[in-house]
Novice: 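Below you'll find the structure I mean.
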Amino acid sequence: MDSPFIFTQPVVGDNFVSRKSELDWLSSNLSNRQHSVLIAPPLFGKRSIVTNALFQARRQQDLLSCVLSLFNVRNEFVFYTSLVNTLMRAVCATSDEWETVAQQFLSETRPLVNIDEAAQNGVSFIFDKAAVMAHADELLNLPERLAEWKNKGVALCIHDFQDISQFEDTKVFQKKLCATWKQHRFTTYLLCGSKKNAAAALFSEKMPFHKFGDIVQLERLDERLSAEYVMKSFAKSGRVISKEFAEALHRKVSGYPYYVQLLAHICWSNTKGFVTDSVMNRSMEDLYDYNERIFRRITDELSPSQLNYLQAIVDGVLRFSSAENLQRYELHSSANVARVREALEKKEILSFDRYNMPTFIDPVFELWYRNRFANR
């Protein structure tokens with residue numbers, strides 16, 4: 001029997017739990033040409049809500065949509081070419097249309113239309129780098145030109161948008177990007193950041209993209225709705241999880257949508273009847289096993305001082321720079337504590353609230369660290 005839980009792809013339809021207000025807000029922005037910024041940690045359900053919002057927006061109006069990921073995009077040239085080719089595949093159905101776009105809208109960059117009948121996406125543009133860098137505005141304005149040509153609005157969603165901060169001369173690039181996109185009337189931009197700290201910095205005050213669009217905050221899944229979903233999904237397959245265990249499952253993973261689905265799947269796989277304490281405990285160990293390799297890689301890349309800082313958090317330390325704690329955890333100095341904190345933020349392991357109190361970004365990594373690493 002197939003598992004009723006989904007954790008390998010965006011969740012849609014009846015499996016999309018909670019977040020109705022955020023979904024309505026986001027889809028309304030897409031329909032009404034209001035740019036949006038969506039920042040949340042990894043595994044927090046961004047792709048699911050974007051998928052559902054685009055679907056809902058397309059039902060409200062005739063809208064073309066394009067989803068681009070900047071994963072592994074590390075420079076301007078690749079950004080421009082990825083943007084254009086992804087956009088073209090979403091908007092143009094035939095190679096003739098690609099030829100038309102090249103002639104009418106890309107006269108400066110003059111791309112070659114490449115047709116590979118064996119490939120899944122068989123048509124693409126091949127660009128000359130010098131031409132692209134000299135006439136980048138032509139490519140940045142292509143979404144607007146295509147919207148006018150098709151007489152339809154274009155919704156352009158970009159995942160991992162924070163990665164543009166790694167480009168050379170990124171501030172100059174950001175200013176150019178932001179200034180161009182703000183002029184567009186028929187293209188709506190949805191910019192998603194999956195590295196919480198880096199994305200927050202990109203949209204912070206004094207940065208070019210500050211106030212570019214509505215900041216749509218994603219909250220953790222509602223515990224009641226999450227538990228009801230898990231209980232109903234178990235029941236559909238003839239298995240049972242009580243309300244108490246469903247709520248406990250939700251709390252163990254802090255309401256992170258991916259982890260709720262994954263842990264529920266593991267619990268479902270570990271029982272043929274009722275979820276019990278032993279099933280839940282074994283499922284948590286399986287959850288740690290499932291992520292062990294990733295989490296080990298994270299800790300392997302941490303310095304002794306960074307590991308000691310995390311140990312201090314696990315031990316409940318509040319005053320990291322006190323003389324006693326500097327000595328106990330071998331943190332050496334207040335200046336070193338500041339450097340360690342900055343490094344752990346940059347590595348997206350910790351975030352800090354307005355009172356400078358640290359929090360693990362990934363709740364399952366925190367549990368694994370506390371139960372398997374720190375207690376060795």
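Every heavy atom of this structure was used, including side-chain atoms; hydrogens, water molecules and symmetry mates were not. None of these values were measured; they are calculated from a predicted model.
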Novice: Inspect the contact between Asp289 and Arg372 and indicate whether a charged nitrogen and a carboxylate oxygen are less than 4.0 angstrom apart.
Specialist: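 Judged by the 4.0 Å cut-off on N to carboxylate O distance, Arg372 and Asp289 do form a salt bridge.
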Novice: Ring pair (Phe, Tyr, Trp, His ring centres under 6.0 Å) with Phe365: which of Tyr256, Phe295, Phe373?
Specialist: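 Single ring pair (Phe, Tyr, Trp, His ring centres under 6.0 Å) partner of Phe365 among Tyr256, Phe295, Phe373: Phe295.
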Novice: Does a salt bridge link Lys346 with Glu342, judged by any charged N lying under 4.0 Å from a carboxylate O?
Specialist: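 Between Glu342 and Lys346 there is no salt bridge, as every charged N stays at least 4.0 Å from the carboxylate O atoms.
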Novice: Do the side chains of Arg282 and Asp286 get nearer than 4.5 Å, heavy atoms only?
Specialist: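 In short, these two side chains touch, coming nearer than 4.5 Å.
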Novice: Mind telling me whether Phe79 and Phe167 have parallel, tilted or perpendicular rings, with 30° and 60° as the class edges?
Specialist: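 Phe167 vs Phe79 ring planes: perpendicular.
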Novice: For Gln174 and Thr170, which I'm curious about, is there any donor-acceptor pair between the side chains at under 3.5 Å?
Specialist: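 A pair is found: one side chain offers a donor N or O, the other an acceptor, under 3.5 Å apart.
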Novice: For the pair Lys236 and Asp2, find out whether any cationic side-chain nitrogen is under 4.0 Å from an anionic carboxylate oxygen.
Specialist: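 Salt bridge between Lys236 and Asp2, a charged N being under 4.0 Å from a carboxylate O: no.
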Novice: Is it true that a side-chain atom of Gln60 and a backbone atom of Ser31 form a donor plus acceptor pair closer than 3.5 Å?
Specialist: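 It does not hold such a pair.
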Novice: Would you call Lys20 and Asp24 a salt bridge, using N to O less than 4.0 angstrom?
Specialist: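 Salt bridge flag = yes for Asp24 with Lys20.
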Novice: Between Phe5 and Trp268, is the ring centre distance below 6.0 Å?
Specialist: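 Between Phe5 and Trp268, the centre distance exceeds or equals 6.0 Å.
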Novice: Quickly, which of Lys152, Lys150, Arg145 forms a salt bridge (Lys or Arg N to Asp or Glu O under 4.0 Å) with Glu148? Name it, please.
Specialist: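 Among the candidates, only Arg145 passes.
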Novice: Give a yes or no on whether the ring-centroid distance for Tyr329 and Tyr309 is below 6.0 angstrom.
Specialist: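 When the ring centroids of Tyr329 and Tyr309 are compared, they turn out to be at least 6.0 Å apart.
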Novice: Around Glu324, counting heavy atoms of other residues, nucleotides and ligands shown, do more than 12 lie under 6.0 Å from its CD?
Specialist: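 Not more than 12 within 6.0 Å, no.
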Novice: Could you tell me if the side chain of Leu191 sits less than 4.5 Å from the side chain of Phe203, heavy atoms only?
Specialist: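 Yes - at least one pair of side-chain heavy atoms lies under 4.5 Å apart.
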Novice: Side-chain donor-acceptor pair under 3.5 Å between Tyr229 and Asp14, yes or no?
Specialist: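 Looking only at side-chain atoms, Asp14 and Tyr229 do not form any donor-acceptor pair under 3.5 Å.
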Novice: Answer yes if the side chains of Ser351 and Asn197 hold a donor-acceptor pair under 3.5 Å, and no otherwise.
Specialist: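 Side-chain D/A pair, Ser351 to Asn197: absent.
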Novice: Would the distance check show the side chain of Ser28 and the main-chain N or O of Trp25 forming a donor-acceptor pair, the cut-off being under 3.5 Å?
Specialist: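 Such a contact is absent between Ser28 side chain and Trp25 backbone.
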Novice: Counting distance only, does the side-chain N/O of Thr187 pair as donor-acceptor with the main-chain N or O of His184 below 3.5 Å?
Specialist: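 No: the side chain of Thr187 does not pair with the backbone of His184.
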Novice: Is the closest side-chain donor-acceptor distance between Asn325 and Ser322 under 3.5 Å?
Specialist: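 The criterion, which ignores hydrogens and geometry beyond distance, is satisfied for Ser322 and Asn325.
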Novice: Is a side-chain donor or acceptor of Thr271 paired with a backbone partner of Gly273 at a separation under 3.5 angstrom?
Specialist: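 At least one qualifying donor-acceptor pair exists.
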Novice: Quick one about Ser3 and His265 (side-chain donor to acceptor, distance below 3.5 Å, no hydrogens or angles considered), yes or no?
Specialist: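 Looking only at side-chain atoms, Ser3 and His265 do form a donor-acceptor pair, the distance falling under 3.5 Å.
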